[in-house]
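This report concerns only the one structure given below.
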Amino acid sequence: MATAFKAFLNSPVGPKTTHFWGPVSNWGFILAGMADMNKPPEMISGRMTAVMCVYSGLFMRFSWVVVPRNIFLLATHASNESVQLYQLSRYARAQGYLQKKEPEAQQ
Amino acid sequence: MASSKLQAFWNHPAGPKTIHFWAPTFKWGISIANIADFAKPPEKISYPQQVAVACTGIVWSRYSMVITPKNWNLFSVNVAMAGTGLYQLSRKIRQDYFSEEKEAAASLEG
């Protein structure tokens with residue numbers, strides 16, 4: 001247990017390096033998204049949420065191929081992707097984009 | 001002359017054929033979306049989201065200057081994020097905390 005923890009502490013992408021703390025600050029997006037999950041969907045910015053979905057998708061790929069490979073960054077962006085996609089679906093539903101029945105009602 | 005520089009850029013290991021280019025480039029979208037949202041009424045601004053945008057912008061701006069090599073593209077995109085995030089926060093705080101006083105004063109007088 002102690003050796004695994006030491007390995008983490010001394011890892012090239014561990015808490016003694018910038019490769020760790022940058023992604024830590026990115027968790028702000030996920031926490032903000034989670035806090036906003038229960039707010040009314042009219043408050044959601046469709047623009048910002050859609051941008052976040054593309055942004056996290058790109059950075060998931062980036063974190064995998066960058067040297068050194070940064071799994072923590074990958075996990076961060078995978079989580080943000082999920083939260084932002086959920087918020088985007090709430091926004092789309094509130095705006096009426098996901099209604100397939102009664103097309104005459106949509107003008 | 002120009003075409004060889006263009007070729008050097010095109011074929012660069014962090015150039016436009018790679019994710020190392022597009023991921024930081026697309027991060028500009030966050031600031032652009034925020035600028036577009038300057039027109040939104042402050043009631044619709046999310047405190048947690050804009051705090052997150054401002055904080056990540058500030059942290060990453062610092063880190064882009066301490067890595068090797070210094071990454072000016074990453075620095076500038078994060079400075080922009082911090083700037084737009086802080087501006088959105090100031091709009092919402094101004095409306096929530098400073099215009100209330102005016103309304104309260106007006107209702108007391110009226």
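Bear in mind the structure is a predicted one, so any value in this text is a computation, not a measurement. Below, chain A is the first sequence line, B the second, and so on; all start at residue 1.
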Exercise. Should the heavy atoms of other residues, nucleotides or ligands under 6.0 Å from CE of A:M34 be counted, would the total exceed 12?
Worked result: no

For this session: Tell me, yes or no, whether the heavy-atom count around A:K6 atom NZ, taken from other residues, nucleotides or ligands under 6.0 Å, exceeds 12.
Result: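 No, because the 6.0 Å sphere around NZ of A:K6 holds 12 heavy atoms or fewer from other groups.
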
Exercise. Measuring heavy-atom distances to chain A, does B:I58 have an atom under 4.5 Å in its side chain, in its backbone, in both, or in neither?
Worked result: neither

Problem set entry | B:V53 versus chain A, the contacting section by heavy-atom distance below 4.5 Å | both

Distance-minimising heavy-atom pair for [X] and [Y]:
X     : Y     : value
A:L58 : B:W22 : CD1-O, 3.8 Å
B:I30 : A:V51 : N-CG1, 3.5 Å
A:Y55 : B:F26 : N-CE2, 3.6 Å

Problem set entry | Part of A:W27 within contact of chain B (heavy atom distance under 4.5 Å) |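 Neither part.
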
Exercise. Are side-chain heavy atoms of B:I32 and A:R47 found at a separation under 4.5 Å?
Worked result: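 Counting from C-beta outward, B:I32 and A:R47 never come under 4.5 Å.
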
Exercise. Does the side chain of B:W60 come within less than 4.5 Å of A:P23's, by heavy atoms?
Worked result: yes

Exercise. A:M52, A:M48, A:M43, A:R61: which one forms the most heavy-atom pairs within less than 4.5 Å of chain B?
Worked result: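 Winner by heavy-atom pair count: A:M48.
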
With the 4.5 Å side-chain cut-off for hydrophobic clustering, are [X] and [Y] part of the same group?
X     : Y     : result
B:I45 : B:I93 : no
A:F62 : A:W64 : yes
A:V66 : A:M60 : yes
A:V13 : B:I19 : no

For this session: Not counting sequence neighbours, list each pair that qualifies as a salt bridge (charged side-chain N to carboxylate O under 4.0 Å, His left out) and has a residue in residues 26-46 of chain A.
Result: A:D36-A:K39

For this session: Could you tell me the separation between the CZ atom of B:R62 and the OG atom of A:S25, rounded to the nearest 0.5 Å?
Result: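 Answer rounded to 0.5 Å: 12.0 Å.
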
